[in-house]
Q: 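Pasting a structure here, questions to come.
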Amino acid sequence: MTYLSLKNISKSYDGKIVFHNQNFDFSQNEIVFFVGKNGVGKTTLMEIIIGLNQPDQGTIMLDDRELRIPYDVSARKQLSFLPTENQLVNYLNAKENLAYFAEIYRIKDYEPTISGLIKNYLFADQEKKLVKDYSTGMKRRLSLALIDLIDAPVIILDEPSLGLDIYNTDFLRKQLWAYRQAGKLVIVTSHDLLLCRRLADRVYLFSNDRVVEYRGKAMRNLEQGILDSYETTQSSV
Ligand SMILES: Nc1ncnc2c1ncn2[C@@H]1O[C@H](COP(=O)(O)OP(=O)(O)OP(=O)(O)O)[C@@H](O)[C@H]1O
């Protein structure tokens with residue numbers, strides 16, 4: 001059943017069309033990847049979904065409710081977003097970061113939850129360090145703990161495996177799968193085809209002139225589809 005839908009979305013920047021009358025549907029309990037070459041609009045679409053970017057036209061429905069920018073508190077609590085740039089506070093440690101966001105999201109009695117998250121997501125010896133001294137992998141793990149803390153039904157991640165080693169990529173993969181198993185809708189932008197192949201229920205392949213959906217057996221043709229998409233010329237949508 002559709003949980004999140006985008007209808008007739010159009011978006012241009014300075015006259016350059018990124019989307020024209022595009023539709024997207026998402027259900028709970030699925031992982032959907034956005035793939036495609038640089039600059040085709042994957043991040044733009046994510047930003048439109050989370051209310052950071054106003055489409056020129058179109059509607060966004062979440063759980064049978066139309067969302068309007070600026071989103072209200074209840075809409076914001078339904079969507080958590082992990083941007084490519086980390087959104088953590090550099091001069092706080094892990095616990096302080098989680099407490100800071102718990103306050104913003106008005107989460108009650110968060111202390112025990114935070115202790116559990118630190119145990120599950122971080123290495124014990126990193127607990128006292130300030131985020132500014134974290135590696136990329138540690139920052140990403142703490143960001144995932146933050147997503148767990150917010151516990152939104154829709155989780156949106158922009159290139160979450162960027163810069164991660166094999167160990168942390170595997171950790172990420174298991175977490176994304178756990179979110180799906182918990183009934184959440186997980187939307188991921190990635191150039192990591194291995195991660196995509198291992199996790200995606202469906203894929204939207206973006207190119208300059210269209211968006212093509214892959215699912216089931218058709219996913220076998222995804223790699224060729226991506227290569228072919230590089231041959232499409234500049235937007236004439
Ligand atoms: N604020 C903006 N103002 C003008 N143009 C923009 C803006 N944001 C994005 N664009 C342009 O819109 C197009 C889509 O950008 P977007 O970042 O959504 O692509 P992407 O598919 O996420 O790329 P990448 O894989 O490199 O992250 C690009 O041509 C980009 O330069």
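Note that the numbering runs from 1 along the sequence shown for the chain. Counting starts at 1 for both ligands and their atoms, in listed order.
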Q: Does Tyr204 have its ring centroid less than 6.0 Å away from the ring centroid of Phe24?
A: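 Ring centroids of Tyr204 and Phe24 are less than 6.0 Å from each other.
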Q: Is there side-chain contact between Val32 and Val186, with heavy atoms separated by less than 4.5 Å?
A: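 The answer is no; the side chains never approach within 4.5 Å.
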Q: Return the closest protein heavy atom for atom 3 (N) of ligand 1 as residue, atom name and distance.
A: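 Here the closest protein heavy atom is Tyr13 CD2, 3.5 Å.
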Q: Heavy atoms only: which of Ser12, Gly41, Ser190, Gly39 is nearest to atom 23 (O) of ligand 1?
A: Gly39
Q: If you measure from the Lys or Arg side-chain nitrogens to the Asp or Glu carboxylate oxygens, is any gap between Arg202 and Glu30 under 4.0 Å?
A: yes
Q: Going by the atom numbers of ligand 1, which of them fall below 4.0 Å from some non-hydrogen atom of His191?
A: 25 (O)
Q: Taking the six-membered ring for Trp and the single ring otherwise, decide whether the centroids of Phe34 and Phe206 are under 6.0 Å apart.
A: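 Yes, the ring centres sit under 6.0 Å apart.
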Q: Taking atom types as modelled and ignoring hydrogens, do the side chains of Gln181 and Asn29 form a donor-acceptor contact shorter than 3.5 angstrom?
A: no
Q: Among all protein non-hydrogen atoms, which one is nearest to atom 26 (O) of ligand 1, and what is the separation to 0.1 Å?
A: Asn38 ND2, 3.0 Å
Q: For atom 25 (O) of ligand 1, grab the closest protein heavy atom and report residue, atom and distance to one decimal in Å.
A: Lys42 NZ, 2.8 Å
Q: Can the ring centroids of Tyr105 and Tyr110 be said to lie less than 6.0 angstrom from one another?
A: no
Q: Considering heavy atoms of the protein only, find what lies nearest to atom 29 (O) of ligand 1 and give residue, atom and distance to 0.1 Å.
A: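 Of every protein heavy atom, Lys16 NZ, 3.1 Å lies nearest to atom 29 (O) of ligand 1.
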Q: What is the nearest protein non-hydrogen atom to atom 17 (O) of ligand 1, stated with its residue, atom name and distance?
A: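 The closest one turns out to be Thr43 CB, 3.8 Å.
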Q: Judged by atom type as modelled, is there a donor-acceptor pair below 3.5 Å linking the side chain of Asp192 to the main-chain atoms of Ser161?
A: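 Flag not set: sc Asp192 to bb Ser161 has no pair under 3.5 Å.
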Q: Check if Met46 has a non-hydrogen atom at a distance under 4.0 Å from any atom of ligand 1.
A: no
Q: I'd like to know if Asp170 and Lys174 make a salt bridge, using a cut-off of under 4.0 Å between side-chain N and carboxylate O.
A: yes
Q: Indicate whether atom 31 (O) of ligand 1 is within a distance of less than 4.0 angstrom of some protein heavy atom.
A: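 When distances to the protein are checked, atom 31 (O) of ligand 1 has no heavy atom within 4.0 Å.
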Q: Starting from atom 15 (O) of ligand 1, find the nearest protein heavy-atom neighbour and note its residue, name and distance.
A: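 Protein heavy atom at minimum distance: Thr44 OG1, 3.8 Å.
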Q: If you count the atoms of ligand 1 from 1 in the order shown, which ones are under 4.0 Å from a heavy atom of Val40?
A: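 Numbered from 1, ligand 1 contributes 19 (O), 20 (P), 21 (O).
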Q: Which bit of Glu47 gets closer than 4.0 Å to ligand 1, counting heavy atoms only: side chain, backbone, both or neither?
A: neither
Q: Going by an N to O cut-off under 4.0 Å, is there a salt bridge joining Asp151 and Lys77?
A: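 Salt bridge: no.
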Q: How far is atom 27 (O) of ligand 1 from the closest protein heavy atom, and which atom is that?
A: Glu159 OE2, 3.6 Å
Q: Do Asp14 and ligand 1 have an N or O pair less than 3.5 Å apart?
A: no
